[in-house]
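Please read all numbers here as calculations on a predicted model, not as lab measurements. Letters A, B, ... mirror the listed sequences (proteins, then strands); counts begin at 1.
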Amino acid sequence: MAQYLILIYEDETQYEKGGPELWAEIGQAHARFAQQVGENGAQILGGEALTPTGTATSIRSDVVTDGPFAETKEQLGGFYLIEAKDLDHALTIGKLCPARFGGVEVRPVMDTSGMGE
Amino acid sequence: MIEPDAVRAALADVHRREWAAVLTATMRVAGSLDLAEECAQEAFVRALETWPRDGLPRNPAAWLTTTAKRRALDAHRRDTTLRGKLPLLFEPDEGTSAAGLLDPAEDTPMNWSHFEPEPSFGGARSIPDDRLRLVFTCCHPALAREAQVALTLRLVCGLSTPDIASAFLVSEATMAARVTRAKKKIAAARIPYRIPALAELPERLDAVLTVLHLVFTTGHLAPSGTELHRPELAERAIDCGRLLLALMPDEREVAGLLALMLLTDARRLSRTDSAGRLVLLAEQDRLRWDAGKIDEGRQLVVRSLRGGRPGRFALQAAIAALHAESPSAASTDWSQIVGLYDLLLQAWPSPVVALNRAVAVAERDGPLAGLAALDELDRRDGTSLSSYHYLPSARAELWRRLGRRDQAAQCYRVALELVDNEAERVFLAERLAEVTGE
């Protein structure tokens, strides 16, 4: 098994526009996703939703600036750390991950256990 | 003592036919793509050294495989630090002693230990060939199309990086970087070395066929450069198509693609004249078409059309077959060709298909009907065809037939601005000179 990070990129303004009904719907979608991950033989090791990029602060060479690291059309809004057999397995999970206002990026987690020997 | 030239020729032949088999068999021992490739290459070098002296082995492929596997085992033995660290991708083969060298239980992120006893392909029929796994790995959707093409040529066809680079007109360094990056992604992201499950198969197979077709068309009609075709590349694509069909005999689109490639390639010798100039289909010397390839292609077309709705490669092959079996350009069955293009448009709605259909309509109903079809296409898909020189070329040809020289010249000029293949450029320039009377 290997670990993959599923990064959820979405147009965050859509969430600002949506009311409590939208949030309830999204919450349900993620609960369903968590269940599907198990049914598909993978495992969620962690995951969080992030507050909008308006709350982000970036630091480059000690210089602190207001805002996200890069201005993009879709913003990183949450992530899951999962364990899967291989990339095909991870992509199957990635396809199930709710991201109606954008999409997800699947990144293998680097194995550092053999480093520095 | 055999002539070195004869050995080289025999070896080149074995390389072409057996490279993928030697490589995949070596993978079972080597455990990594890189080591397997290195060992397989060394085996071929060793053959070049010893075969002239000892004579050709009775089974050259087996000799090469054994030699390559031995190299891989030696490499593992030499590097004892690998013990327990290097993942075992494959169960070792009979007759090798890799078992015990490495601990199969050890799981590291670099491995393909998710190598499973293969779910059978198309029912519990046979043990799938390792070469199929290799093809599907090289054409995995997580790899960019250009990486898929490069990997397929390198790993499945055994072409060298400089050869691939020159075929695609990029520098050797660029192509080497592309191959290295793709291999790294396979390892780091754990792209599986396996034949896709039945549910994913149509989509995954389509990617494989697209890659092969791209290799073929690059070989058949170089997108730019001075030579019209690069026969070696087209032949490799056909070889690979044959291999794929042998491994997946029930996949009708595989038969369709192979048929399309054979029927197109059959016309290769007549596509240019002795001076290297482009000769249009209608003006080609049909006696120079390769009857053997046409025959094989036609049989495959029948196979690819049978049983259910035909796919896009089968339909394109059927169109190519109609051209091939017509004794002269004038006797071509254009009605049937237009009908096949209609079906093809349904299977594969693409402006390029619509353009070809319009040209067929012109042949069936005359230039004005063709121009009307092209106008309609331009209205609908003009933007996506704006850099495609075949649209103004087709228009120019139809105006020329109508004797409307001014319109023809105007369209030839537009086409000339867009074309980048030298042979086609020369052809268009000659036609322009003809209609302007210069």
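Applying a 4.5 Å heavy-atom cutoff, the residues of residues 140-147 of chain B that approach chain A are His140(B), Ala142(B).
Annotation for Arg309(B): atom CZ does not count as buried by contact number, only 12 or fewer foreign heavy atoms lying within 6.0 Å. Taking a 6.0 Å sphere around CD of Glu16(A), one finds it holds more than 12 heavy atoms contributed by other residues, nucleotides or ligands.
Under the side chain to side chain donor-acceptor pair (under 3.5 Å) criterion, no residue pair touches residues 40-50 of chain A, with sequence neighbours excluded. Residue pairs meeting the ring pair (Phe, Tyr, Trp, His ring centres under 6.0 Å) criterion with at least one member in residues 29-54 of chain A, sequence neighbours excluded, are His30(A)-Tyr80(A), Phe33(A)-Tyr80(A).
With rounding to the nearest 0.5 Å, the separation of CD1 in Ile191(B) from CG in Leu91(A) is 8.5 Å. Between Arg194(B) atom CZ and Asp86(A) atom CG the span is 4.5 Å, to the nearest 0.5 Å.
Here the shortest heavy-atom pairing between Arg190(B) and Lys85(A) reads NH2-O, 2.7 Å.
Here Glu83(A) pairs with nothing under the side-chain hydrogen bond (donor to acceptor under 3.5 Å, both in side chains) rule; sequence neighbours left out.
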